[in-house]
Each structure stands twice: as structure tokens, then as C-alpha cells.
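To start, the structure itself, in C-alpha cells.
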Amino acid sequence: APALRSLAEARSRDMAKDWDSNYLHSVDWRWLTIPLADGPGESWIRPTVDVVKGETMTPLQRLFAVADDANGIGAKIDIRQWTFLNTDLVVHIHRVPEGPWIGIRAETSYGPDGIGTTLGTLFDEQGAVGAIQQSVLVRRRQNH
């Protein structure tokens, strides 16, 4: 797979500021593309908290802590209006990632019945490390 642009080119969108405390507050998420733009979305992500306090995550734990973000990176619908739950996640890796950052290039497609699929590639700063595929269940978000 063609390499992602460097982490130095990525920009934080500080998405956590718009949401109550949730998963977004546990990752440093840097975008290479503009969310909802045509084509695949691209981001660099790294967990900022340990799964178990005081225990450093392994490279594979870091990868799996962020891999399911692919459906959000590849999203073509507004998260403020729609939910898109991953109902299935398949990850295949061909080498263990190095370093704290995981890159994702992903694109999500939606059918007329609320079912979607996400296809993507996972990276470290040296290049591709694996592939991801997700099934996505789309529902209109209920206003509170």
C-alpha cells in the first residue's frame, strides 16, 4: 500500500472538546484528510492512556486500541446526526507495528438499508502493517 503522509503533516481536530468524556478523550488523533471528504480518510492515532493503569501497552495492544476507528476515519456521514456501530471487525497483520503511532487509511460505503462496510489499511511510521474490514450498522442519532 502507498505510505501515509508523515505524522508531521497531520493536524489535530480536537474532537474531544465537542463530546462528553468518552473514547475520544483517550487518544491523540491527528488527521491527514478532512473528515467527510471524498475518497479515503487518513489519520494517525495513538492511545494516551494505558488499558491497565501502570502497564505499558504492547505494540499489538496499541494497534487494536485504535484499529476500530477506521469506520470513523472513512465515514461519509456526520457523526452528530448518525451513529455507525462496528458490528464486526477483522484485522490481518503482516508485521508487528513499531512506535506509538498507528496510521489508518479507510473508506466506508453505505447501503440504503443502514448497513455499511469499511475497508482500510493499517500503518506504522515505516509503512503498512495490515488490513482492516468492518461491518457497520447505521442509525439516525436520537436528539435529546
Side-chain angles (χ1 to χ4, degrees), residues 1-139 141:
L4 284 182
R5 287 178 286 144
S6 75
L7 178 59
E9 295 180 54
R11 299 291 173 249
S12 174
R13 300 189 63 80
D14 194 15
M15 297 181 305
K17 71 179 175 14
D18 297 325
W19 298 92
D20 291 336
S21 186
N22 65 24
Y23 171 79
L24 291 174
H25 294 81
S26 69
V27 294
D28 185 350
W29 195 326
R30 311 277 178 97
W31 287 83
L32 291 165
T33 56
I34 298 169
L36 307 179
D38 290 340
E42 297 179 342
S43 290
W44 288 102
I45 309 170
R46 71 177 177 90
T48 56
V49 297
D50 297 326
V51 173
V52 176
K53 188 174 182 172
E55 292 187 21
T56 302
M57 280 193 252
T58 68
L60 286 178
Q61 288 171 330
R62 282 193 305 273
L63 180 137
F64 282 100
V66 301
D68 76 341
D69 293 331
N71 71 327
I73 293 168
K76 302 299 181 235
I77 56 178
D78 188 338
I79 191 171
R80 293 167 295 197
Q81 297 177 20
W82 301 93
T83 63
F84 36 92
L85 171 72
N86 329 331
T87 58
D88 188 29
L89 171 67
V90 177
V91 176
H92 295 278
I93 62 167
H94 55 267
R95 70 176 175 85
V96 175
E98 298 176 28
W101 291 92
I102 300 297
I104 301 175
R105 176 184 295 128
E107 192 158 17
T108 303
S109 300
Y110 309 98
D113 56 357
I115 304 297
T117 57
T118 300
L119 300 173
T121 305
L122 302 166
F123 298 86
D124 65 11
E125 292 186 78
Q126 285 69 52
V129 298
I132 187 167
Q133 186 171 6
Q134 295 169 286
S135 300
V136 180
L137 179 64
V138 179
R139 295 292 183 257
R141 189 175 291 278

Any residue meeting side-chain hydrogen bond (donor to acceptor under 3.5 Å, both in side chains) with D78, in chain and number order, not counting sequence neighbours: R80

Rounded at 0.5 Å granularity, tell me how far CZ in R11 sits from CD1 in I34. 12.5 Å

Looking at L4 and G103, what are the two nearest heavy atoms and their distance? CD1-CA, 3.5 Å

Nearest-0.5 Å distance that lies between atom OG1 in T33 and atom CG in D38: 11.0 Å

Would you check, one step at a time, whether the test side chain to side chain contact (heavy atoms under 4.5 Å, CB included) holds for T87 with L85? CA-CA 6 Å; T87 58; L85 171 72; 4.2 Å; yes

Close side-chain approach of W29 and V66, heavy atoms under 4.5 Å: no

Which donor-acceptor pairs under 3.5 Å do side chains of residues 111-121 form with protein atoms, sequence neighbours excluded?
from	atom 1	to	atom 2	distance (Å)
D113	OD1	I115	N	3.3
T118	OG1	T108	OG1	2.7

Check A106 against A70 and note the closest heavy-atom contact, atom names and distance. CB-O, 3.5 Å

Rounded to the nearest 0.5 Å, how far does CH2 of W31 lie from CD1 of I45? 7.5 Å

Which value, rounded to the nearest 0.5 Å, describes the distance between I132 atom CD1 and I93 atom CD1? 12.0 Å

Report the residues that fulfil salt bridge (Lys or Arg N to Asp or Glu O under 4.0 Å) with E9, sequence neighbours left out, ordered by chain and then residue number. R5

R141 and I79: CA distance, side-chain angles, deciding distance, side chain to side chain contact (heavy atoms under 4.5 Å, CB included) verdict: CA-CA 8 Å; R141 189 175 291 278; I79 191 171; 3.8 Å; yes

Heavy-atom donor-acceptor pair, D124 side chain to G127 backbone, under 3.5 Å: yes

Shortest non-hydrogen contact from W44 toward A10: CD1-CB, 4.1 Å

Distance-only, no hydrogens or angles: does the S43 side chain make a donor-acceptor pair with backbone N or O of I104 under 3.5 Å? no

Between CZ of F84 and NZ of K76, what distance do you get to the nearest 0.5 Å? 10.5 Å

R62 side-chain N/O to I102 backbone N/O, donor-acceptor pair under 3.5 Å: no

Check L7, V27, D28 against R46 for a side chain to side chain contact (heavy atoms under 4.5 Å, CB included) and give me the one that passes. D28

Sidechain-backbone polar pair: R105 side chain, P2 backbone, donor-acceptor under 3.5 Å: yes

Which atom pair, heavy atoms only, marks the closest approach of P97 to L60? CD-CD2, 4.0 Å

Please answer whether the main-chain N or O of D68 pairs with a side-chain N or O of Q134 as donor and acceptor at a distance below 3.5 Å. yes

